[in-house]
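Below, each value reflects all heavy atoms present in this structure, side chains not excepted, and no hydrogens, waters or symmetry copies. We're numbering straight along the sequence, starting at 1. What you see is a predicted model; the values in this text were computed from it and never measured. For ligands, and for the atoms within them, numbers begin at 1 and follow the listed sequence.
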Amino acid sequence: MSPLANHRFLKMNGLGNEIAVLDLRGSPHVVSAAEARAIAADPLSRFDQLMVLHDPVSPGTDAYMRIYNTDGSESGACGNGTRCVAWAMLSDPVMSRPARDTLVLETKAGLLPVTPVTDTVFTVDMGSPRLDWNEIPLRDPYPDTRVIATDTYLPEAPELQNPSAVGMGNPHAIFWVKDAAAYDLAAIGPKLEHDPVFPERANISFAQVESPDHVILRVWERGAGATRACGSAACATLVAGARKGLTGRKATITLPGGDLVIEWRESDDHVLMTGATELEQEGFLSPALFAGAA
Ligand SMILES: N[C@H](CCC[C@H](N)C(=O)O)C(=O)O
């Protein structure tokens, strides 16, 4: 029987970004893409991102996280999910709790220190943005990633051709638009996500700058589709906005599910993301999910 059968999980959200948290510390099991897709397919455990906790790898860290999208692909970053994991590690009565309140979580993209602001609000240090074309990554050697060009031509939205690109441990493209609500994400999101300029696909943001400290944002996520919020996209948008002189280095980013405060700190180049988390329920993974998934 799969070690995931009957395993406890938490269903949470970060501003409506649907997050499932699975604690596999103490187990050698690594969730496969097929298992992640099976978990996502059950309405009880449905997620935009599945955050799987493993035993810590680097000294001084509290856990290693693998992050899965709905389609089973893996990401190096998920801002909203990282806050949910911090809540779970510090406040869930069943999970083993680290001794200190400030956590350091690790992903394949690096270390993420997390600090509680209240019981349910956390600040994640998302690290330095990746601005070089090959780190994002992009197909072409752009000397300046503030403006790139996509291959995709959209007859219904010909203005969507020149996004900014930023890596936050995952790839992001930000299109600067007058009205973020005007776009049919389900129709155009997949085309831009798969544009050949993004060799690892990209998370696609539509950013409407209201003022230097306020941006309205809608996101089509790589591997997950339209979500109510995307923390790493909010970080990437603030960085790109500040680089283009559209925003300051600190702004409120309003997503369909609510607000995140993002700061790109001058002193160390790190991006800080602050926002809420919410526990919805706990559940147990149905053994039937893993009958065909290996
Ligand atoms: N919702 C997440 C981002 C998931 C990114 C994922 N879709 C990818 O990079 O493949 C967040 O809050 O940052």
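- The side chain of Q49, and not its backbone, has at least one atom closer than 4.0 Å to an atom of ligand 1 (non-hydrogen atoms only; side chain from C-beta on).
- In this structure, the protein non-hydrogen atom closest to atom 5 (C) of ligand 1 is N170 ND2, 3.3 Å.
- With a 6.0 Å radius and a threshold of 12 heavy atoms from other residues, nucleotides or ligands, E156 has its CD atom above the threshold.
- Scanning M273, R222, E18, H172 for the heavy atom closest to atom 10 (O) of ligand 1 points to R222.
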Audit row: K11, E282, salt bridge (charged side-chain N to carboxylate O under 4.0 Å, His left out) steps and yes/no = CA-CA 6 Å; K11 185 69 194 295; E282 66 167 9; over 6 Å; no
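- Ion pairing of R201 with D71 is present here, as a side-chain N (NZ or NE/NH1/NH2) and a carboxylate O approach within less than 4.0 Å.
- Contact check for E18 versus R228: no side-chain heavy atoms found under the 4.5 Å cut-off.
- The protein heavy-atom contact nearest to atom 6 (C) of ligand 1 is N69 OD1, 3.2 Å.
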May I have the step-by-step check of side-chain contact (heavy atoms from CB on, under 4.5 Å) for R218 and L185, ending in yes or no?
-> CA-CA 8 Å; R218 287 173 77 214; L185 259 49; 3.6 Å; yes
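- Hydrophobic clustering (side-chain heavy atoms under 4.5 Å, transitive across Ile, Leu, Val, Met, Phe, Trp, Tyr) keeps F175 apart from V209.
- Near N80, meaning under 4.0 Å from any of its heavy atoms, are these atoms of ligand 1: 11 (C), 12 (O).
- The only option from N203, N170, T237 that meets the side chain to side chain donor-acceptor pair (under 3.5 Å) definition with S232 turns out to be N170.
- Residue-ligand proximity: D48 is placed with every non-hydrogen atom at 4.0 Å or more from ligand 1.
- A224 does not count as a contact of ligand 1, since none of its heavy atoms falls under 4.0 Å from the ligand.
- The N/O atoms of E221, backbone and side chain alike, include one that comes under 3.5 Å of an N/O atom in ligand 1.
- In this structure, A77 counts as a contact residue of ligand 1, since one of its heavy atoms falls inside 4.0 Å of the ligand.
- Those atoms of ligand 1 with a heavy atom of G79 less than 4.0 angstrom away are 11 (C), 12 (O), 13 (O).
- At a heavy-atom distance under 4.0 Å, only side-chain atoms of N203, from C-beta outward, approach ligand 1.
- Ranking protein heavy atoms by distance to atom 2 (C) of ligand 1, first place goes to C78 SG, 3.1 Å.
- Q161 pairs in a side-chain contact (heavy atoms from CB on, under 4.5 Å) with only one of the listed residues (L154, D151, T150, T152), which is T150.
- Comparing G169, G231, G14, A236 by heavy-atom distance to atom 12 (O) of ligand 1, the nearest is G231.
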Might you work through the side chain to side chain donor-acceptor pair (under 3.5 Å) test for E221 and H172, ending with a clear yes or no?
-> CA-CA 9 Å; E221 283 194 24; H172 290 271; over 6 Å; no
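- Listed by number with element, the atoms of ligand 1 under 4.0 angstrom from any heavy atom of S232 are 3 (C), 11 (C), 12 (O), 13 (O).
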